[in-house]
2 protein chains.
Amino acid sequence: MSSNLLSGSLDTIIVKLLQDNGEMYGYEISKTISRLTNGKVLIKEGSLYPALHRLEAKGILETESRSIGNRHRKYYKLSEKGSKEVKHILHDMQEFIENIQNLLNIQWT
Amino acid sequence: MSSNLLSGSLDTIIVKLLQDNGEMYGYEISKTISRLTNGKVLIKEGSLYPALHRLEAKGILETESRSIGNRHRKYYKLSEKGSKEVKHILHDMQEFIENIQNLLNIQWT
DNA sequence: TGCTATGCATAGTTTATCTATGTATATTTA
DNA sequence: TAAATATACATAGATAAACTATGCATAGCA
């Protein structure tokens, strides 16, 4: 699949996953997306972590660092603000997809 | 609608319109997109013309300037190369949309 | 004559994602 | 046990897409 189509939708995917799963860490998010799309959508670290930092800086996400055995993990979850905005974010994306679908399916024959 | 969702899909929309309509000029493309989406998708000149130049530079589109009365218009249409690639471009976009739809519709309840 | 719509274009900015790289620990396997 | 692979987070710099803002010019209408 073309690589640059993802633009603009990564944030939406992240907040949706966190809405459904409560809290996740970065690696888990990237693996989950890959698994759910059969490897068709691959999020690179260089995209994912800046996106998570961005969403945290905006106050959409909040974090908690924990140690699992000797490993440390940074868990992300929706903040109160984020929880309120998710519905709007998902609605925008849904509407956008419908518009694109509509444009690409019209036949003028 | 959020502004940055369009990322990556503008080129696809353009080639689809040209595939269906044969040839169009810039203003016509932007108005058509706006009309077909009830004003939900608005392409600014600063996005549209660079995109058209880009696609022309890539050899996907070719142009022909014409005078309509005293106005001059630059008509864009798919090149031979572009015609061959459209199917692939549309397929990629369709696949991408399905993947995103899939991710956003999954329920883990 | 002034206003609105049409029509193309570019300069400069912002933003998202990418590639590439770094650090470090855990687990598996030969 | 050594090597390979997987896990885990992070940033610097490049690239590209779309944006804002602006410019020029003509057409048509009130």
Side-chain angles (χ1 to χ4, degrees), chain A residues 1-15 23-35 39-58 60-61 63-76 89 92-93 96 99-100, chain B residues 1-15 23-35 39-58 60-61 63-76 89 92-93 96 99-100:
Chain A
M1 191 175 63
S2 292
S3 57
N4 70 329
L5 292 176
L6 185 64
S7 299
S9 49
L10 178 55
D11 289 6
T12 306
I13 294 171
I14 290 172
V15 298
E23 59 179 18
M24 301 175 84
Y25 53 98
Y27 194 79
E28 184 183 15
I29 292 172
S30 82
K31 290 301 167 190
T32 301
I33 293 170
S34 171
R35 181 170 49 80
K40 294 285 176 49
V41 178
L42 296 172
I43 311 298
K44 310 299 164 51
E45 296 94 327
S47 303
L48 179 64
Y49 291 109
L52 290 171
H53 301 338
R54 214 159 52 222
L55 290 167
E56 188 182 5
K58 278 199 232 172
I60 306 287
L61 303 185
T63 63
E64 192 185 334
S65 288
R66 290 195 218 143
S67 288
I68 309 293
N70 276 340
R71 311 288 290 266
H72 97 279
R73 282 179 185 164
K74 198 167 167 185
Y75 282 85
Y76 291 85
I89 293 170
D92 280 355
M93 176 58 91
F96 173 72
N99 281 317
I100 300 298
Chain B
M1 192 176 61
S2 293
S3 57
N4 70 328
L5 292 177
L6 187 63
S7 301
S9 50
L10 178 54
D11 289 6
T12 307
I13 294 171
I14 290 172
V15 297
E23 59 179 19
M24 301 175 84
Y25 52 98
Y27 193 79
E28 186 183 15
I29 292 173
S30 82
K31 289 301 166 190
T32 301
I33 293 171
S34 172
R35 182 170 49 79
K40 294 283 176 50
V41 179
L42 296 172
I43 311 299
K44 311 298 166 52
E45 296 94 326
S47 304
L48 179 63
Y49 290 107
L52 290 171
H53 302 338
R54 213 158 54 221
L55 289 167
E56 188 183 5
K58 279 199 232 174
I60 305 286
L61 303 184
T63 63
E64 193 186 334
S65 288
R66 292 196 216 140
S67 288
I68 310 293
N70 276 340
R71 310 287 292 266
H72 98 279
R73 281 181 187 164
K74 198 167 166 184
Y75 281 84
Y76 291 85
I89 292 170
D92 280 356
M93 177 56 92
F96 172 72
N99 281 317
I100 300 297

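Any value given below was found using the heavy atoms of this structure, including those in side chains, with hydrogens, waters and symmetry copies removed. Reminder, nothing fancy here: chain letters follow the sequence lines and each chain counts from 1.
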- In whole angstroms, the gap separating P of dC8(C) from CE of Met24(B) amounts to 11 Å

- Return the value, rounded to whole Å, for the distance between atom CG of Leu52(A) and atom P of dC9(D). 9 Å

- How many angstroms lie between atom OG1 of Thr32(B) and atom CD1 of Ile14(B), to the nearest 0.5 angstrom? 11.5 Å

- Item | Stepwise side chain to side chain contact (heavy atoms under 4.5 Å, CB included) check, Ile60(B) with Val15(B) | CA-CA 8 Å; Ile60(B) 305 286; Val15(B) 297; 4.0 Å; yes

- Task: Please identify each residue that fulfils salt bridge (charged side-chain N to carboxylate O under 4.0 Å, His left out) with Glu28(B), with sequence neighbours left out.
- Result: none

- Taking the side chain as every heavy atom from C-beta outward, state whether Phe96(B) and Ser9(B) have any pair of such atoms under 4.5 Å apart. no

- Tell me: CG of Asp11(B) to P of dA17(D), nearest whole Å? 6 Å

- Query: Which residue pairs pass the side chain to side chain donor-acceptor pair (under 3.5 Å) test when at least one of the two sits in residues 41-56 of chain A, sequence neighbours left out?
  - Reply: Asp11(A)-Arg54(A), Glu56(A)-Thr63(A)

- Report the distance from atom CG of Leu42(A) to atom P of dT17(C), rounded to the nearest whole Å. 14 Å

- Think Lys31(A) has a side-chain N or O under 4.0 angstrom from the OP1 or OP2 of dA8(D)? no

- Query: Less than 4.5 Å apart, any side-chain heavy atom of Ile13(A) and any of Ile29(A)?
  - Reply: no

- Approximate separation, where rounding is to 0.5 Å, of Lys74(A) NZ and Leu52(A) CG: 8.5 Å

- Message: Among dA9(C), dC9(D), dA18(D), which nucleotide has an atom closest to any side-chain atom of Arg54(B)?
- Response: dA18(D)

Can you tabulate the close N/O pairs, meaning under 3.5 Å, that link protein atoms to atoms of nucleotides 24-28 of chain C?
unit_1: dA26(C); atom_1: OP1; unit_2: Asn70(A); atom_2: ND2; d: 3.0
unit_1: dA26(C); atom_1: O4'; unit_2: Arg71(A); atom_2: NH1; d: 2.8

- Against the side chain of Tyr27(B), the closest entry in dT6(C), dA8(D), dA9(C) is dT6(C)

- Task: Map Leu10(A) and Glu28(B) onto DNA chain C by nearest heavy atom, then report which one ends up closer to the 5' terminus.
- Result: Glu28(B)

- Task: List in chain and number order the residues that pass side chain to side chain contact (heavy atoms under 4.5 Å, CB included) with Arg71(B), two or more places apart in sequence or in another chain; answer none if no residue qualifies.
- Result: none

- Message: What is the separation between atom CG on Leu55(B) and atom P on dA9(C), rounded to the nearest whole Å?
- Response: 14 Å

- Partners of Glu64(A) by salt bridge (charged side-chain N to carboxylate O under 4.0 Å, His left out), sequence neighbours excluded? Arg66(A)

- Note on the structure: Regarding the side chain of His72(A), the nearest nucleotide among dA8(D), dG7(C), dC9(D) is dC9(D)

- Task: Could you grab the distance from atom NZ of Lys40(B) to atom CG of Asp92(A), nearest 0.5 Å is fine?
- Result: 10.5 Å

Using the 3.5 Å cut-off, write out each protein N or O paired with an N or O of nucleotides 11-15 of chain D and the distance between them.
unit_1: dT11(D); atom_1: OP2; unit_2: His53(A); atom_2: NE2; d: 3.2

- Query: When the distance from CD1 of Ile13(B) to P of dA17(D) is rounded to whole Å, what number comes out?
  - Reply: 14 Å

- Message: Please classify the nucleic acid contact of Lys44(A) as base, sugar-phosphate, or nothing, using heavy-atom distances under 4.0 Å.
- Response: base

- Tyr76(A) atom OH is separated from dA8(D) atom C1', nearest whole Å, by 11 Å

- For Ile33(B) and dA18(D), what is the distance between atoms CD1 and C1' respectively, to the nearest whole Å? 13 Å

- Base, sugar-phosphate, or nothing: which does Tyr75(A) touch, judged by heavy atoms less than 4.0 Å apart? nothing

